[in-house]
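My questions will all concern the structure given below.
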There are 2 protein chains.
Amino acid sequence: MTELGLRERKKQQTRSRIRDAAIRLFAERGFDQVRVAEVAREAEVSEATVFNYFASKEDLVHDGMADFADGLVEALRLRPAGESLLSAFRTYVLRPHGLAEDDRAVARIATVARIVGDSPTLRARERQVFDRATRALAELIATENNTRADDVESWVIANALMGVNRALKELVHSQALAGHSGKRIAQDVLAQGRRALDILDEGLARYRTV
Amino acid sequence: MTELGLRERKKQQTRSRIRDAAIRLFAERGFDQVRVAEVAREAEVSEATVFNYFASKEDLVHDGMADFADGLVEALRLRPAGESLLSAFRTYVLRPHGLAEDDRAVARIATVARIVGDSPTLRARERQVFDRATRALAELIATENNTRADDVESWVIANALMGVNRALKELVHSQALAGHSGKRIAQDVLAQGRRALDILDEGLARYRTV
DNA sequence: TAGAGCCACTCTAAATTTAGAGTCACCCTA
DNA sequence: TAGGGTGACTCTAAATTTAGAGTGGCTCTA
């Protein structure tokens, strides 16, 4: 499809080499026991180049995590004119993500999940990433509704939506760690995603009497 | 031994990738049927980079040939003070070249020999390479003897020495093409080398009556 | 608590690679 | 024999990578 030029192709290769090397070393010895210089050496690249591609050591792992979190915000921001927020969210949550056909990706996810789980630094960073995305989402909603940026309603909605997104990510991680197949994980994500969407639709009234 | 830095290591890798790609393509389709742009594509490098490393398309093949020819000149130029030219030449001819332990190198030599044999352009270039080296050797000898650069004696000696060098190269090529082992080739080179040196020692007197 | 060491990260200049346009010799064909 | 196409090779500016010398926070130890 996308005929990439030589320059662009090499950049992708370099980025992959660095990230793969990092994940491999982190998985072996733990995030804090590996220096960035070692990642660079393993990837056959200078330390400066590592920082050209990743803003921080933590980003070597959370690379895609920020993209994942921002992905929701962008999908909602760019939804077709006239479509409701909740409808666009439904589409986004139920979209195909390719895990069913890619067990190697599942294995990578499991590895990353373990690395993150083992490192307080990385868990903190993950919260930060989601927090920032949630903030951005709240601002988007507030803007669309012409309300103040710190409007409580925007925050509640943003948290609810990002919460679902994050919960599904957690689901994928735990399933991947449990060694489940991509196919099964995809099924579970779909089922749990629908349940979450239903809850959002109905609101919390049903919990009032619990 | 030699701890090469990252930059130098990558340059060697790039040079190898280009040369290997070129040899592979030339062996498949012939020297004239392959464009430099294709070599570049196969080596995953821009065309400009190919010319950064090799002055001409022909040098993709004769890469080492010029080094080989110049190697003799340099070895003689840098010989220990006081050692005679012929003595240094003997040392050079009988030096270990590693072919006995490297049958992959022998295979590469055979491939290159076939490519060169099939291309008039490349055969002409090979003659040119040896011619230039012979010229340089003659000048070196003339300089050392304080004679004019076009002194006949220097030329005779230079041609004799380079002739041996070249004959041994031809021997290696034909043996490699015949599929002989590196070990056997090394033995033959040594034996024939000694014979050649003997002839140089004795002079041509023995042929006077033939 | 001062000092030493470690390590993530930054900065700068130099080296290398790339894209792209252009030159030139050669061959082929009308 | 003029004109068009091909392909080796050159040139320039911009992009990328590297070496190497910092900076600054943190921890450990005397």
Side-chain angles (χ1 to χ4, degrees), chain A residues 2-23 25-26 29-63 66 115-116 119-125 128-129, chain B residues 2-23 25-26 29-63 66 115 119-122 124-125 128-129:
Chain A
T2 356
E3 277 274 351
L4 282 183
L6 180 61
R7 194 172 269 170
E8 206 54 37
R9 234 182 318 133
K10 286 201 170 178
K11 276 171 68 173
Q12 290 192 2
Q13 285 176 6
T14 302
R15 173 171 264 268
S16 285
R17 274 220 316 288
I18 295 171
R19 195 196 44 219
D20 291 352
I23 298 301
L25 292 178
F26 294 161
R29 316 214 310 265
F31 183 76
D32 287 322
Q33 276 61 57
V34 176
R35 278 165 293 138
V36 173
E38 296 180 84
V39 173
R41 180 143 33 85
E42 180 85 0
E44 302 206 276
V45 115
S46 80
E47 195 174 338
T49 298
V50 173
F51 286 109
N52 278 350
Y53 282 89
F54 300 89
S56 72
K57 181 183 178 185
E58 291 154 25
D59 282 340
L60 284 166
V61 178
H62 280 129
D63 181 14
I115 294 169
V116 174
S119 164
T121 308
L122 291 178
R123 288 202 306 278
R125 176 48 173 270
Q128 185 192 346
V129 164
Chain B
T2 353
E3 278 275 351
L4 284 181
L6 180 59
R7 193 172 269 169
E8 206 53 39
R9 236 183 315 132
K10 287 202 168 177
K11 276 171 69 173
Q12 290 191 2
Q13 285 177 6
T14 301
R15 172 171 264 268
S16 285
R17 273 219 317 288
I18 295 171
R19 193 195 48 221
D20 291 351
I23 298 300
L25 292 178
F26 294 160
R29 316 215 309 265
F31 183 76
D32 288 320
Q33 276 60 57
V34 176
R35 278 166 292 138
V36 173
E38 296 181 85
V39 173
R41 182 145 29 88
E42 179 85 1
E44 302 205 277
V45 116
S46 80
E47 195 174 339
T49 299
V50 173
F51 286 109
N52 278 350
Y53 282 89
F54 300 89
S56 72
K57 181 182 177 185
E58 292 155 23
D59 282 340
L60 284 166
V61 177
H62 281 127
D63 182 17
I115 293 170
S119 164
T121 309
L122 290 178
R125 176 48 173 270
Q128 185 193 347
V129 164

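Below, chains carry the letters A, B, ... as their sequence lines are ordered, and counting in each starts from 1.
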message = The side chain of A:Arg7 is closest to which nucleotide in this list: D:dA19, D:dC11, D:dT16?
response = D:dT16
key: A:His62 side, atom NE2; A:Ser56 side, atom OG - distance, nearest 0.5 Å   = 10.0 Å
ask   = If you check every side-chain atom of B:Arg35, which of C:dC9, D:dA8, D:dT18 has the closest atom?
value =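 So the nucleotide nearest the side chain must be D:dA8.
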key: Spacing of A:Glu58 atom CD relative to C:dC9 atom P, expressed in whole Å   = 7 Å
query = Distance check: side-chain N/O of B:Lys10 vs OP1/OP2 of D:dT17, anything under 4.0 Å?
reply = no
task = Measure the distance from CG on B:Leu6 to C1' on C:dT16 and round it to the nearest whole Å.
result = 12 Å
query = Between D:dA15, C:dC9, D:dA19, which nucleotide gets closest to the side-chain atoms of A:Lys57?
reply = C:dC9
key: Value in whole Å for how far the P atom of D:dT17 lies from CZ of A:Arg15   = 11 Å
task = Return no unless some side-chain N or O of B:Thr49 is found under 4.0 Å from OP1 or OP2 of C:dT18.
result =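 B:Thr49 to C:dT18 OP1/OP2: side-chain N or O found under 4.0 Å.
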message = Checking the side chain of A:Glu8 only, and the main-chain atoms of A:Gly5 only, is there a donor and an acceptor separated by less than 3.5 Å?
response =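 The answer is no, because no donor-acceptor pair under 3.5 Å joins these two groups.
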ask   = Are A:Tyr53 and D:dT16 close enough that a side-chain N or O sits under 4.0 Å from OP1 or OP2?
value = no
ask   = Tell me: NZ of A:Lys11 to P of D:dT16, nearest whole Å?
value = 4 Å
request  = Ignoring the backbone of B:Val36, work out which of C:dT17, D:dT17, D:dA8 is nearest its side chain.
outcome  = D:dA8
note = 5'-most contact on DNA chain C (nearest-nucleotide basis), A:Ala55 vs A:Glu8, goes to A:Ala55
task = Determine: side-chain N/O of B:Thr14 to OP1/OP2 of C:dT17, distance under 4.0 Å, yes or no.
result = yes
request  = Indicate, with a heavy-atom threshold strictly under 4.0 Å, whether B:Phe54 touches base, sugar-phosphate, or nothing.
outcome  =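 The residue B:Phe54 makes no contact with any strand.
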Minimum-distance nucleotide to A:Phe51 side chain [options: D:dT17, D:dC9, C:dA8] = C:dA8
task = Mind checking the CG-CZ spacing from A:Asp20 to A:Arg15? Nearest 0.5 Å is all I need.
result = 11.5 Å
inquiry  = Counting the atoms with a prime plus P, OP1 and OP2 as sugar-phosphate, which does B:Val34 contact under 4.0 Å by heavy atoms, base, sugar-phosphate, or nothing?
reply    = sugar-phosphate
ask   = How long is the line joining CG of A:Asp59 and P of C:dA8, in whole Å?
value = 14 Å
Position toward the 5' end of DNA chain D (nearest nucleotide), A:Glu47 or B:Asp32 = B:Asp32
Side-chain touch A:Leu60/A:Phe31, heavy atoms, less than 4.5 angstrom = no
inquiry  = If you only use heavy atoms from C-beta on, which nucleotide in D:dT18, C:dC9, C:dT17 is closest to the side chain of A:Ser56?
reply    =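 Minimum distance to the A:Ser56 side chain belongs to C:dC9.
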key: Nucleotide D:dA19, atom P - distance to CG of B:Leu4 in whole Å   =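 In whole Å, D:dA19 P and B:Leu4 CG are 11 Å from each other.
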inquiry  = So, taking the atom named CZ in B:Arg41 and the one named CG in B:Leu25, what distance separates them when rounded to the nearest 0.5 Å?
reply    = 9.0 Å
key: Spacing between A:Gln12 atom CD and D:dA15 atom P, to the nearest angstrom   =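 Atom CD in A:Gln12 sits about 18 Å away from atom P in D:dA15.
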ask   = Atom CZ of B:Arg9 to atom C1' of C:dA15: distance rounded to whole Å?
value = 16 Å
ask   = When rounded to the nearest 0.5 angstrom, what distance separates OH in B:Tyr53 from OG1 in B:Thr14?
value = 4.0 Å
